[in-house]
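Quantities reported herein were computed from a predicted structural model and do not represent experimental measurements.
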Amino acid sequence: MRRSVLIDRLRGVSRWDVLIVGGGATGLGCAVDAAARGHTTLLLEAHDFAKGTSSRSTKLIHGGVRYLAQGRIGLVREALAERSTLLANAPHLVHPQRFVVPVYRQWDRLLLGLGLAAYDWLAGRHSLGASRLLSPTETVAALPTVRRHGLVGGIAYMDARFDDARLAVTLMRTLFDHGGLALNYLPVKALRHHQGIVSGAVAQDAESGESFAIEAGVVINAAGVWADDIRRLDAATAPSQLTPSQGAHLVVERDFLPGDAALLIPKTSDGRVLFIIPWQGKVLLGTTDTPRRETPLEPRPLDAEIDFILDTAARYLTRAPTRADVCSAFAGLRPLIGSGRGSATSSLSREHLIQVSNSGLVSVAGGKWTTYRRMAEEIVDRAETVGGLPARACPTAGLRLHGSPPDGTDDVFGTDRPAVDALPGAGVRLHPALTLTEAEVRYAARFELARSVEDVLARRCRALFVSASAAGEAAPAVARILAEELGWTGQRAAESTEAFRRVAEGFVTN
């Protein structure tokens, strides 16, 4: 997929049925849905796909144990059904995950057992296996490094984990499979109106500077934490709908929690839950819920967030992780529904809101990865009505995503693996601490719209999130390969490497 060919295609279409602004989970989900229904579909992303929140999640596809405790039964039930759909439609990216909750008071064991029994009941036919009470011995067998002093047992239950950025890339590929067009680094600068109704947008290619006047039957604003900015392109006085919240995560070595089970800490000092999850050969710890007034493109974990995660984990592990043990630290901004900015966020809704402006701009706020497909179905249903498009049934509940193999696999490329390994450099790893190969970089450039060193090391593979230091050391080799694939000059390769180095600095804690 050469960018020049895709730009030519953009120039060659006079009017799209659906234009989607934003290439995160919601935008990509809407694009796949619209294209699968047969609508001509264009998605524009200002930076890279899943550059923001959608690559910085806790890597869980789950009903939300905490939401159950808050009484959000509908949200939990819907999420558990969508978990089942994702396990079926993307088995190379979404996998069942066993969780164990260590318990240090018998009363807590009873309450948690009842809560997880309700979780099982809500899952119904979508259950991945019933929760069960564990003895202290069974709990230690599942969590070898759990603190043993005072341990009275545990509770095991099932959920699912995934690779968020790779799911985003897979949705982008699925969009192309269904005739749609997606372009990254092509931000929307203005919305167009005809007789007071939104009729398209003006976008500018960040690489060439070329501007495009785009006509569309309906425009969907799926810009995540920046959705209010797009709403103000429609109406300058549009009030804020979102209250951003930051969630921080830390990645440490696998020996802090060996074994296959994840650990759930059911109640932290701020009333949240905290997960310790095996992921990408490491262990992921998170998350926090910190109000943010600003919406930076590169949010960084705050010192207080890092200390909170480390201190909380230390209460449950025999070996306490320290800042020196952190391989990578990252933060994402949640687009929570709320009025104003900077207020408390832990009680704000994780559900979504669809709003249609007086001029017909369809905006979505809130939501989460687990329910992205169901959200997209609702949004496109609404968009068909607003845009006067033919009403067509949503096919995505049974739509297997690009690369989906007949059976489960841990290979994120799925059925594309032979095509990857047919490229030069198959099996040639670029760093001993990373699985990334030269062929995978070439594939990212040729078929996955990677346009920078960061695109490869942060989202086409997860090196930056696994080990910031190893990713930095691999960056020059990635730049060299991208220069061959994309026709870069030596200066362009050096600039992309340096830009990645600046981003990677924010993933280091010591």
* **Sequence neighbours excluded - salt bridge (charged side-chain N to carboxylate O under 4.0 Å, His left out) pairs with any residue from residues 24-33** => Asp33-Arg37
* Structure fact -> Between Arg83 and His126 the two heavy atoms that sit nearest each other are NH2-O, 3.2 Å
Tell me, do [X] and [Y] make a side-chain contact under 4.5 Å, heavy atoms counted?
| X | Y | answer |
| --- | --- | --- |
| Thr409 | Arg417 | no |
| Pro296 | Leu333 | yes |
| Val76 | Tyr119 | yes |

* Asked: Can you tell me how far CD of Glu440 sits from CG of Asp416, rounded to the nearest 0.5 angstrom?
  -> 11.5 Å
Ionic contact status for [Y] with [X], cut-off 4.0 Å:
| X | Y | value |
| --- | --- | --- |
| Asp260 | Arg98 | no |
| Arg382 | Glu378 | no |
| Arg166 | Asp411 | no |

* Does NZ or CZ of Lys368 lie under 6.0 Å from the centre of the six-membered ring of Tyr67, at an angle within 45° of the ring axis? -> no
* Asked: Are Arg315 and Tyr104 in a cation-pi setup, meaning NZ or CZ lies under 6.0 angstrom from the ring centre and within 45 degrees of the ring axis?
  -> no
* Are Trp279 and Phe465 an aromatic pair by the rule of ring centers under 6.0 Å? -> no
* To do: Over 60° means perpendicular and under 30° means parallel, so classify the ring planes of Tyr443 and Phe447, tilted if in between.
  => tilted
* Just by modelled atom types, is the Leu242 backbone N or O under 3.5 Å from a matching donor or acceptor in the Asp228 side chain? -> yes
* Would you say the side-chain atoms of Thr370 and His62 include a donor-acceptor pair closer than 3.5 Å? -> no
Without placing hydrogens or testing angles, list every side-chain donor-acceptor pair under 3.5 Å for residues 45-52, not counting sequence neighbours.
unit_1	atom_1	unit_2	atom_2	d
Glu45	OE1	Gly23	N	2.7
Glu45	OE2	His47	N	2.8
Asp48	OD1	Asn184	ND2	3.0
Asp48	OD1	Arg460	NH2	3.0
Asp48	OD2	Arg459	NE	2.7
Asp48	OD2	Arg459	NH2	3.4
Asp48	OD2	Arg460	NH1	2.7
Lys51	NZ	Glu298	OE2	2.4
Lys51	NZ	Glu454	OE1	3.4
Lys51	NZ	Glu454	OE2	2.6

